[in-house]
Amino acid sequence: MAIKIGVLVMSYGTPESLEGVEAYYTHIRRGNSPSAEQLKELKDRYAAIVGGVFPLRKNTDLQVDALQAALNSDNGGKFEFVCYQGLKHAHPFIEDGVEAMAKDGITQAVGIVLAPHYSSMSVGTYIKRAQEKADACHVEMSFVESYHLHPELIDVLSKRVSARLDQFEEAGAKRDEVRVLFSAHSLPERILSMGDPYRDQLLETSAAIAAQAGVTTWQFTWQSAGRTAEPWLGPDVLVTLRELSNEQVKYVLVAPVGFVSDHLEVLYDLDIEAQAVASELDIRLMRIESLNSDPAYMSVLSDVVRTQVSQMK
Ligand code: FEC
């Protein structure tokens, strides 16, 4: 009989309606309600994005279903994988996912976050919450911490960079005239003094993609920094665009390698906010397509989950 393995697939989470934005924002702010002005500003950003108001929910649902299908195909029948969703800031929360596994009688599980790079302030907090709940529910869990250099991940992202560079060429630009900007969600600067691997992992992913796609003119930039008083990692993409304009750069390709789905930070912060600054500066800006449930990304996830299972006692 196949051994049943639970897979807790963790993602950031998004509200289900505009009415739910306040509770979501309060959760992100660890229980502190946003001001009326902050709340309005966030609701306006959600309302402005193209392709539906909360695309992350559907994208995560599709990723979880596709991962379960990928895990159960060609696995030789030894394991039956059952995926459960666990969200950081929305229902079903990480703890709900672990509880659902326990209720279904699952005793062995793997946790994975839909974000390839490890930081103690991102993936580390997902893992901590899942582990605490797993201990309380007597589920034995182990976790994938990062997969930022998985060859298939580098391959699929390199192809997306190349595809956009082809489009720039078709529009009359030379490939080496296009500045490729790899980006990811900023975090407070203090992670660096904590020896956190986040920045280095992001730079490793970027360098590997650039090498495979034959990109020579690239740099890394941060985006979507939180609105708090402490310093966040920079430069921000909007600052970088202004610097590039001063260097007379006319073509920019953004590759947000820290994200795997279409959501607010991509569809607003890049496609609306950064795009507006680029057009003000007369820069032609494109971005690579998000992975969403691309079979190649599902293959990356299923490979790392299976490897994790093979290392379980
Ligand atoms: O589409 C959506 O509904 C959700 C988009 C979304 C993603 C996302 C990913 C990451 N975040 C990370 C860190 C932080 C830190 C703070 C913070 C704040 C926000 C706010 C919104 C938001 N984040 Fe987010 N993040 C997304 C959305 N994030 C909305 C609140 C308003 C704002 O600041 O814009 C600051 C918390 C605090 O105030 O203390 C820190 C990291 C990721 C990427 C890894 C991951 O997916 O977990 C890191 C998607």
Side-chain angles (χ1 to χ4, degrees), residues 9-18 20-35 37-61 63 85-91 93-94 111-130 143-148 183-191 194 196-199 201-202 205 222-233 236-238 256-273 290-292:
V9 188
M10 294 178 278
S11 176
Y12 203 78
T14 190
E16 281 171 277
S17 64
L18 281 174
V21 173
E22 185 167 6
Y24 173 73
Y25 203 172
T26 304
H27 193 273
I28 291 178
R29 293 162 50 90
R30 293 171 297 279
N32 300 308
S33 302
S35 66
E37 197 188 324
Q38 286 170 321
L39 183 60
K40 181 181 179 315
E41 196 259 344
L42 182 55
K43 283 186 175 177
D44 287 349
R45 279 195 277 150
Y46 276 115
I49 64 179
V50 182
V53 185
F54 303 106
L56 183 58
R57 187 160 290 273
K58 185 166 149 244
N59 288 329
T60 304
D61 289 347
Q63 285 169 325
Q85 205 173 122
L87 306 178
K88 194 176 190 185
H89 297 299
H91 289 283
F93 287 103
I94 291 169
I112 185 160
V113 180
L114 297 175
H117 305 87
Y118 182 89
S119 167
S120 59
M121 287 185 74
S122 63
V123 170
T125 62
Y126 289 84
I127 293 178
K128 187 168 179 288
R129 281 172 53 186
F143 296 91
V144 175
E145 293 199 339
S146 61
Y147 43 93
H148 68 292
S183 72
H185 202 294
S186 181
L187 281 174
E189 242 176 51
R190 66 188 144 90
I191 63 160
M194 292 155 52
D196 194 277
Y198 187 60
R199 184 178 66 172
Q201 289 191 354
L202 283 159
T205 301
W222 298 98
Q223 61 165 95
S224 317
R227 291 137 173 87
T228 63
E230 68 179 321
W232 287 63
L233 293 168
D236 183 82
V237 61
L238 304 183
V257 292
F259 299 120
V260 297
S261 300
D262 281 323
H263 49 55
L264 190 73
E265 317 296 72
V266 170
L267 300 173
Y268 187 87
D269 295 0
L270 294 178
D271 292 0
I272 296 180
E273 201 176 33
S290 300
L291 293 175
N292 296 318

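First listed ligand is number 1; within each ligand, the first listed atom is number 1.
Side-chain contact between P116 and V260 is present, with at least one heavy-atom pair separated by less than 4.5 Å. Two residues are said to be in side-chain contact when any heavy atoms from C-beta on lie closer than 4.5 Å; F54 and I49 fail this criterion.
What sits closest to atom 1 (O) of ligand 1 on the protein, heavy atoms only, is L264 N, 3.0 Å. Of all protein heavy atoms, the one closest to atom 45 (C) of ligand 1 is Y126 OH, 3.4 Å. Among protein heavy atoms, the minimum distance from atom 49 (C) of ligand 1 is reached at H263 NE2, 3.3 Å. With respect to atom 29 (C) of ligand 1, the closest heavy atom belonging to the protein is L42 CD1, 3.6 Å.
Protein atoms of type N/O/S that fall under 2.8 Å from atom 24 (Fe) of ligand 1 number 1 in this view.
Remark: ligand 1 and T228 share no N or O pair separated by less than 3.5 Å (distance only, no angle test).
Inspection of the T60 and Q85 side chains reveals no N or O donor paired with an N or O acceptor under 3.5 Å. No side-chain N or O of H263 forms a donor-acceptor pair with one of T14 less than 3.5 Å apart.
Remark: I28 engages Y12, Y24, H89 in a side-chain contact (heavy atoms from CB on, under 4.5 Å) (not counting sequence neighbours). Applying the side-chain contact (heavy atoms from CB on, under 4.5 Å) rule to E230 yields the partners P188, R190, T228, W232; only residues at least two apart in sequence or on another chain are considered. Applying the side chain to side chain donor-acceptor pair (under 3.5 Å) criterion to T125, with sequence neighbours excluded, gives K88.
Residue contacts with ligand 1 do not include H117, since none of its heavy atoms lies under 4.0 Å from the ligand.
Of the listed residues (Y25, Y46, F259), the one carrying the non-hydrogen atom nearest atom 30 (C) of ligand 1 is Y25. If you check each of E41, R29, K88, R227 against atom 34 (O) of ligand 1, the one with the closest non-hydrogen atom is R227.
Distances below 4.0 Å separate heavy atoms of W232 from the following atoms of ligand 1: 15 (C), 16 (C), 35 (C), 40 (C).
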* Asked: Does the side chain to side chain contact (heavy atoms under 4.5 Å, CB included) test come out yes or no for Q63 and L114, once each step is laid out?
  -> CA-CA 9 Å; Q63 285 169 325; L114 297 175; 3.3 Å; yes

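Ring centroids of H91 and F93 are separated by less than 6.0 Å, placing the two rings close together.
Contact annotation: for F54 versus ligand 1, there are no heavy atoms closer than 4.0 Å.
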